[in-house]
**Q** 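I have a structure here, written as structure tokens, and I will follow up with some questions on it.
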Protein chains: 2
Amino acid sequence: MAARDYGQYGGITRALELVGERWALLIVRDLLVGPRRYGELGAGLPRIPSNILAARLKELQAAGVIRRVPHSRIIIYELTDYGHELEPVVLAFGAWGFKALGEPRDEQIITPDSMTMDLRTAFRPQVAANLPATAYGARFGPAELLIRVDGDTLDVRRGAGPVDLAFAADASIRRLISGELSPERAIATGMVEVLRGPGILLDRFASTFHLAA
Amino acid sequence: MAARDYGQYGGITRALELVGERWALLIVRDLLVGPRRYGELGAGLPRIPSNILAARLKELQAAGVIRRVPHSRIIIYELTDYGHELEPVVLAFGAWGFKALGEPRDEQIITPDSMTMDLRTAFRPQVAANLPATAYGARFGPAELLIRVDGDTLDVRRGAGPVDLAFAADASIRRLISGELSPERAIATGMVEVLRGPGILLDRFASTFHLAA
DNA sequence: CGGGATCCCTTAGGATACTG
DNA sequence: CAGTATCCTAAGGGATCCCG
């Protein structure tokens with residue numbers, strides 16, 4: 001149960017001992033979106049074995065990265081302050097990996113939490129600050145996100161709500177964010193389907209969320 | 001040989017597929033210090049099995065993170081541009097882990113490359129910019145580093161050279177950097193041994209390299 | 001039903017030895 | 001020096017079962 005060590009004394013080896021095991025950083029990623037229950041974490045991590053999830057939660061707790069909070073009958077997992085300090089690392093790491101994303105393989109899915117973190121990664125506050133406050137409703141397969149941009153702040157949460165633009169997309173949203181695909185062509189080719197509101201707002205979306213290779 | 005995937009389409013999962021395997025990020029860390037040969041990498045990664053090192057190098061190469069460069073008879077590994085973009089991530093990750101470092105266990109060693117990266121992590125350019133240019137010679141067990149600070153730039157390399165202050169320390173150097181131990185006490189208790197130059201310069205060192213929990 | 005624990009099997013990782 | 005080859009252990013994967 002103790003994470004395997006590297007026989008070395010240093011910052012990076014220590015970090016890897018704490019969150020370097022398989023699945024661990026993905027648990028942290030999902031908890032950065034918000035506190036989650038055991039079942040929610042399992043649902044957001046496709047095919048993670050239940051025993052591995054349980055083991056990682058114990059290890060992360062022992063490492064002081066997460067906390068186990070019983071709420072009446074149910075149990076909530078949340079990041080400690082120290083765990084929360086991983087946010088810039090996870091975002092930067094995600095930005096790096098985003099650039100290497102190709103087309104999705106068939107068995108790959110998009111979960112609400114992973115999409116939320118990718119949006120945070122691609123968010124450009126300095127651009128958004130000069131644009132009007134906008135609410136987007138985005139549906140990626142089964143996942144529906146409510147994306148609110150106001151000034152230089154971003155708020156993403158699950159579910160629906162009043163929005164200026166509602167659209168449905170699949171993984172090709174990546175090509176919109178990377179700039180490989182223009183908003184016009186995304187709509188014209190049907191890769192992004194506008195459900196409500198003026199399609200021109202997709203331009204604003206693409207300016208707000210941008211991360212090029 | 002293909003790294004195991006996570007069945008998910010997103011930036012962080014992609015990053016973990018590329019450099020998330022055990023040892024991989026440590027190889028990247030050492031290559032951030034400079035190009036290295038196979039044997040040098042093995043020496044800097046205590047107890048890494050040779051077959052694992054070979055496997056990781058192939059995977060990292062296939063991932064576009066490192067490059068294999070034959071130089072006449074010998075072979076050099078170096079980061080690609082894309083691999084080099086991991087530098088801020090590795091530094092931030094190392095800073096996070098540094099805060100959780102306790103006392104070293106007996107079998108833990110300090111390698112020149114890991115110490116170099118820890119120094120880069122703890123370096124405070126804005127503080128250094130207001131101090132005179134200084135060269136330190138630091139010996140950590142068998143590893144000897146030449147640390148040159150000039151304005152807001154830092155240069156660390158192996159070996160000796162003309163320095164303003166030469167000192168020997170062990171892993172307790174961490175407590176100096178974290179601020180748990182004052183430079184005066186570090187010298188008084190013998191944890192840091194001044195070999196050459198005025199010991200007062202250790203104050204400057206502690207101001208320049210600081211990373212508190 | 002949420003939150004796990006247990007089982008068995010597969011595969012990656014570790015130790016050591018060996019080779020061009 | 002720069003890797004392969006081999007053997008073995010331990011961690012991960014998948015399904016199922018359990019308990020409050």
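Quick caveat: nothing in here was measured; it's all calculated off a predicted structure. Sequence lines set the chain letters: A, B, ... in the order given, protein chains first and strands last, and positions in each chain run from 1.
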**Q** For the pair made of CG in A:D5 and C1' in C:dG13, what is the distance, rounded to whole Å?
**A** 14 Å
**Q** Treat a base pair as Watson-Crick or G-U wobble with both distances under 3.5 Å, then lay out DNA chain D in dot-bracket form, 5' to 3', with | for cross-strand pairs.
**A** .|||||||||||||||||||
**Q** Per the ring-ring contact (aromatic ring centres under 6.0 Å, His included) rule, what does the pair list look like for residues 29-50 of chain A, sequence neighbours excluded?
**A** none
**Q** Return the value, rounded to whole Å, for the distance between atom OH of A:Y77 and atom P of C:dG3.
**A** 7 Å
**Q** Using the salt bridge (charged side-chain N to carboxylate O under 4.0 Å, His left out) rule, collect all pairs that involve residues 143-153 of chain B, keeping only residues at least two apart or in two chains.
**A** B:R148-B:D155
**Q** Side chain of A:I74, heavy atoms from C-beta onward: which of D:dA11, D:dT4, C:dG3 has the nearest atom to it?
**A** C:dG3
**Q** In whole angstrom, what separates B:R56's CZ from D:dG3's P?
**A** 16 Å
**Q** Got a sec, which pairs hit ring-ring contact (aromatic ring centres under 6.0 Å, His included) with one end in residues 45-94 of chain A, sequence neighbours left out?
**A** A:Y82-B:W96
**Q** Identify which nucleotide among C:dG3, C:dA5, D:dA11 has an atom closest to any side-chain atom of A:I75, counting heavy atoms from C-beta outward.
**A** C:dG3
**Q** For residues 42-53 of chain A, which residue pairs qualify under salt bridge (charged side-chain N to carboxylate O under 4.0 Å, His left out), counting only residues two or more places apart or in two chains?
**A** A:R47-B:D5
**Q** Hey, does the side chain of A:K58 come within less than 4.0 Å of C:dA5's phosphate (OP1/OP2), counting only N and O?
**A** yes
**Q** If you check the B:R68 side chain, which of D:dG3, C:dA5, C:dG13 turns out closest?
**A** D:dG3
**Q** Expected output is a numbered-order residue list: members of residues 31-51 of chain B with a heavy atom under 4.0 Å from any atom of DNA chain C. What is it?
**A** B:R47, B:P49, B:N51
**Q** Rounded to the Å, how far apart are B:E21 CD and C:dT11 P?
**A** 15 Å
**Q** What pairs with B:E40 under salt bridge (charged side-chain N to carboxylate O under 4.0 Å, His left out), at least two apart in sequence or on another chain?
**A** none
**Q** Nearest-Å distance, CZ (A:R73) to P (D:dG20)?
**A** 11 Å
**Q** Under a 4.5 Å cut-off applied to non-hydrogen side-chain atoms, are B:Q8 and B:R14 in contact?
**A** no
**Q** Starting at CZ of B:R22 and ending at C1' of D:dA10, how long is that distance when rounded to a whole Å?
**A** 11 Å
**Q** Roughly how many Å is it from CG in B:L53 to P in D:dA2, rounded to a whole number?
**A** 11 Å
**Q** Write out all pairs satisfying ring-ring contact (aromatic ring centres under 6.0 Å, His included) with one or both partners inside residues 100-120 of chain B, taking only residues at least two apart or from two chains.
**A** none
**Q** Determine, for B:F167 and B:R196, whether the Lys NZ or Arg CZ falls below 6.0 Å from the six-membered ring centre while staying within 45 degrees of the axis.
**A** no
**Q** Which nucleotide sits closest to the side chain of A:I52: D:dT4, C:dG14, D:dG12?
**A** D:dG12
**Q** Write out all pairs satisfying salt bridge (charged side-chain N to carboxylate O under 4.0 Å, His left out) with one or both partners inside residues 84-103 of chain A, taking only residues at least two apart or from two chains.
**A** A:E85-B:K99, A:E87-A:R120, A:K99-B:E85, A:E103-A:R174
**Q** Figure out the CH2/P separation between A:W23 and C:dA12, and round it to whole Å.
**A** 15 Å
